[in-house]
Structure formats: C-alpha cells, structure tokens
Number of protein chains: 2
Amino acid sequence: MPSTRPAERAAPAREEPAPLHSGVHAELSRRFITGQVTPGSSLSTRGLAEEMGVSQTPVREALSRLAAEGAVQIRSKRKIIVPTMTPERFRELLRCRELLEPEAAMRALPYIDAARLRRLKRVDDSIGSAIANGDLQGYMQGNFDFHFLIYDALPRGILNRLIEILWLQFGPYMRVVYGRVGTANLVDQHEVAINAIGAGDADALGRAILADIRDGMDLIGKSALCMLA
Amino acid sequence: MPSTRPAERAAPAREEPAPLHSGVHAELSRRFITGQVTPGSSLSTRGLAEEMGVSQTPVREALSRLAAEGAVQIRSKRKIIVPTMTPERFRELLRCRELLEPEAAMRALPYIDAARLRRLKRVDDSIGSAIANGDLQGYMQGNFDFHFLIYDALPRGILNRLIEILWLQFGPYMRVVYGRVGTANLVDQHEVAINAIGAGDADALGRAILADIRDGMDLIGKSALCMLA
DNA sequence: GTCAAGAATCTGTGATGGCAGATGCCGGAG
DNA sequence: CTCCGGCATCTGCCATCACAGATTCTTGAC
C-alpha cells in the first residue's frame, strides 16, 4: 500500500490510538492530492463530520491545518471553499515547485538506496498502468508517491514539508487540467529520473524533475484555451 | 413605491468581527516571529486560553494552524512544544530561506513604489535604534517588517506564504542565537538592499538578501561553540 | 405570473463538560 | 537516607449544545 499519509508520520510502533483530527486531516489530504476535490467547491464541518463518523471538533481542527497549508480558504461569510483555479495561481504554484523540487531531489539523491530505487520503479510501473486504464486518481496518487519517494529519502526535511504544501494546493488544479487535456500526451520524465538516480547523477536528476514540472506548465498552456473561470 | 435599495452598505462597510481563533493565531505568530518563545518550551491550551481571555476552542484551532506551519510540534504524549533547536534544523531553515527569499525579492522589485521605499527606510532606521538600545524584540520585529515589506509588494503570493512559514520556525531559534552572540556584529545588509531597490537593480537586491541570510548562517557558526543541545 | 417578506435550514464559531493518559507531589515503608 | 505507591492535578482530545449570520425555501400579496 503506497504511503498516503502526507505529514503525520507518527503512529510508529506504539498501540497508541492516533488522534481523530489527525486521521481526518490525512484523509482530506489524500483527497486533495489525488484530485478528488474540485476548485471552488465548498466543504462543511458538519458534512465531513457525519461522513467520517466523528464530531465537528476534529474536523474543524483538520480544516484549520488545511487552511494553514493553503488547501482551503476560510471565508468569513461562513463558507469554507477550495481555492478557485486561476492561471496566475497555477503558474506561481509551478514556479515554486521549480524552485524547490529539483533542489530537494538533488539533495536526497545520496540517500536513495537500492531498495528505494526498486520501489520507485514499481511505482512508476503502476503509474503507467494507471494511465493505460484511464485511472486518473491512481495516476495522481502514483505521481505523488513517486516524487516523495525521492524527496523523503532525506528524512524529516523542512524543504519537503514546503513541497507537500505546494502539492496540497496543486492537486485540485491538476485534476481539472487533466480532465481537460487528458493524460495521453504525458512524456515520462520519471524514467529519465530513475536512470539518473541509478547513475548517481545529481544534475541529471535535477534536470529530470525540472522537466517533469515544466511538462505540467505546458499542460496549463494547452488547457488555457478552454479555461475561462 | 420606488423600492428602496435593500442595502446601501457601500460607504461604511459594516465591520465584521474577526474570529477569535484568528486573533489568537496572530498574537501567537507575533510572539514566535519576535522570539518571545523559547525552543523546547511547552504551551498549553488552557493556559493560553486563560491568558487571552478566550476558551480552549479558538486556542486549539490557532495551535493547529501553528502546527501545520511547523512552529509547534504536537506530541502524542499530551504535550505541545516549540521544536528544540538543532544545528541541522537551523541550517536547513537558512538554506530554504536562501532558496526562496532572493527570488521573492527580485520578483517583487518592480512593484516597490516610492512610498514603500520610504517605509522601508523608516523601518531600517527603527532597526538601527533598536540595536542601539539593545531592544532585541524590537529588532526582530523590525527585521521581519523590513523583509516582508519587500516581499509583499508583490501581493497574495504563494511564495510569500512559504517564506512566512520559515520565519515562524525561525524566530525562536534566532532569539537563542542573538542571546548568545549578541547583535553587535550585525553588518547591515539592509542598506545595500535599499540602495539596490532605489537603483532598480534586481540582481544586486537578490545578492543583498542572500548576504543578509548568510550573515545569519555565520552567526550560528559562531554560536555553535557554546551550543550543546 | 412576479417578487418580496419571512420562516426553516445550514453555516462557522465558541463555550462547556468530561474522559483518559501523563505528570508531579507527598507521605509512608524499608 | 532512598524508594515507591497512590492521589491530586494538568494535559490534549472530543462530543455536545448554543448562538448568530447566511442561505434557501416557502408563502403570501399584488
């Protein structure tokens, strides 16, 4: 099972029950990263509470965290909404990714061992089959797992946390873009990255990650034609 | 009857009371950024609630946000603490700042008008007098104001939000470092930055911000001698 | 039919109370 | 003196209720 838990890497060995708000936040994060929420839609504390079988209190706490992470905006008009998608915001998101992710990958490279590299290849395969099956959600989950399998080789990083925040905001947008232009024309930069890792070539790895992000940048250009709201 | 407009709320704009948790978060953020909390210390929801005259609920919500921002760690052992200071963490914080802040400054440069430049000079003066008076808290507040007066010229940025998160984690550490090595040997890169802004020289501005951060890096090196925990 | 007033509902927000685990203090046994 | 058992206290956590603004639906007037 791929790690779907973004932040909270707790609950290691002890049989200590994880706080409910932590579970709610993990579930919501998964939905955001896999694009199961659409920009502009609204969430409600009561609705989510009932859906997840908990009270409002842990849901509110989780939503507070998501608000701090920029995944949701809390309007004073008694509305909690997913930020609407604008080309400017999308572009800035990608530029921040360009700034952080190649650096994170290059730094993490020395810590990627053979086992992790095998897992990377396995995840990349699952991404391929997800694309073949038109499984958008599976593709996005795999894409997330792939990138963070690299970055998290260097553990406990502040840098990785920042990148995670970007992905939380990024997921809902990507969903929309993929829904418009499809995933067919995806060039697989992941294979290039895997080869760079195998060769221990940090610069090549950084370039591959950068190219992967730039591909997303191109997608928005292509989808900008039909994008108006 | 010429249907009276249901509301002519154009002019006065009825003031909407800000949520309590928002105020609590703002106050706590200020304390973190100005170094009024010490690494390793613990906070309690009830204590802060009583101190600020509110219930636990808004305090918990504010602390959730601060946890998402990395300013506090929420231990499952019924403790919520300010992260302890380690040289590695301090170094990574500074490296993330190096990555983001020069870029943010260079991007914001075209949006800095004369009025903002004047405010920058005024803040820089206040920093000088704070140093002269040994007012550490005033110095840190001024330093924060100075940097974000630059970055926020380009409004509503995701990048700025990431930088703010870094500063929230940075404040408690800086307090400790300054307390150890003092603020006497601070070279004022701010003046260099102001001149670069006046000249419209983006590269020079980026270099000045970078040098300002590197100075902090040097400080930790100097204080590493007496740093053990 | 149109449209506005009002009621029912839904929203985030905040306070309260209580649960269970962790901490600390204090006194008694050795 | 040391040690340790138990109780008082403090902790985060969560459910519940109440409140006020916003939204939606209904209803009644014209």
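Each chain gets a letter, A, B and so on, in the order its sequence line appears, and its residues count up from 1.
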Contact residues, residues 44-58 of chain B to DNA chain C [heavy atom, < 4.0 Å]
Arg46(B), Val54(B), Ser55(B), Thr57(B), Pro58(B)
Polar atom pairs between nucleotides 20-25 of chain C and protein, under 3.5 Å, N or O only, would you list them?
{"from": "dG21(C)", "atom 1": "O4'", "to": "Arg78(B)", "atom 2": "NH2", "distance (Å)": "3.3"}

State which residues pass side chain to side chain donor-acceptor pair (under 3.5 Å) with Glu92(A); sequence neighbours excluded, sorted by chain then number.
none
Which residues in residues 22-30 of chain B have at least one heavy atom lying under 4.0 Å from any atom of DNA chain C?
none
Arg30(B) with Glu27(B): basic N within carboxylate O range, under 4.0 Å:
yes
Value in whole Å for how far the P atom of dT16(C) lies from CG of Leu20(B):
12 Å
Would you say the side chain of Arg60(B) and the base of dG14(C) hold a donor-acceptor pair, judged only by whether the two atoms sit under 3.5 Å apart?
no
Whole-Å distance separating the CD1 atom of Ile80(A) from the P atom of dT23(D)
14 Å
Please name all residues satisfying ring-ring contact (aromatic ring centres under 6.0 Å, His included) with Phe32(A), sequence neighbours left out, ordered by chain then number.
none
Tell me which donor-acceptor pairs under 3.5 Å the side chains of residues 36-44 of chain A have, and how far apart each pair is, sequence neighbours excluded?
{"from": "Gln36(A)", "atom 1": "NE2", "to": "Thr34(A)", "atom 2": "OG1", "distance (Å)": "3.0"}
{"from": "Ser41(A)", "atom 1": "OG", "to": "Thr38(A)", "atom 2": "O", "distance (Å)": "2.7"}
{"from": "Ser44(A)", "atom 1": "OG", "to": "Gly47(A)", "atom 2": "N", "distance (Å)": "2.8"}

Check side chain to side chain contact (heavy atoms under 4.5 Å, CB included) between Leu120(B) and all other residues, then give those that pass, not counting sequence neighbours.
Leu117(B), Phe146(B), Leu149(B), Ile150(B), Ile197(B)
With heavy-atom distances below 4.5 Å as the criterion, would you say the side chains of Val54(B) and Leu48(B) are in contact?
no
Qualifying residues under side chain to side chain contact (heavy atoms under 4.5 Å, CB included), relative to Arg95(A), sequence neighbours excluded:
Met217(A), Glu103(B), Arg107(B)
Residues in side chain to side chain donor-acceptor pair (under 3.5 Å) contact with Gln141(B), at least two apart in sequence or another chain
Asp145(B)
May I have the distance from Ile74(A) (atom CD1) to dG14(C) (atom C1'), rounded to whole angstrom?
13 Å
I'd like to check the side chain to side chain donor-acceptor pair (under 3.5 Å) partners of Glu101(A); sequence neighbours left out, ordered by chain and number.
Arg97(A), Tyr151(A), Trp167(A)
Residues passing the side chain to side chain contact (heavy atoms under 4.5 Å, CB included) test with Glu69(B), sequence neighbours excluded, are Ala68(A), His25(B), Arg65(B), Leu66(B), Arg161(B), Ile165(B), Leu168(B)
Under 4.0 Å between any heavy atoms, over every strand shown, what does Leu43(A) touch: base, sugar-phosphate, or nothing? Just pick one.
sugar-phosphate
State which residues pass side chain to side chain donor-acceptor pair (under 3.5 Å) with Arg75(A); sequence neighbours excluded, sorted by chain then number.
Gln73(A)
Spacing between Leu63(B) atom CG and dG14(C) atom P, to the nearest angstrom:
14 Å
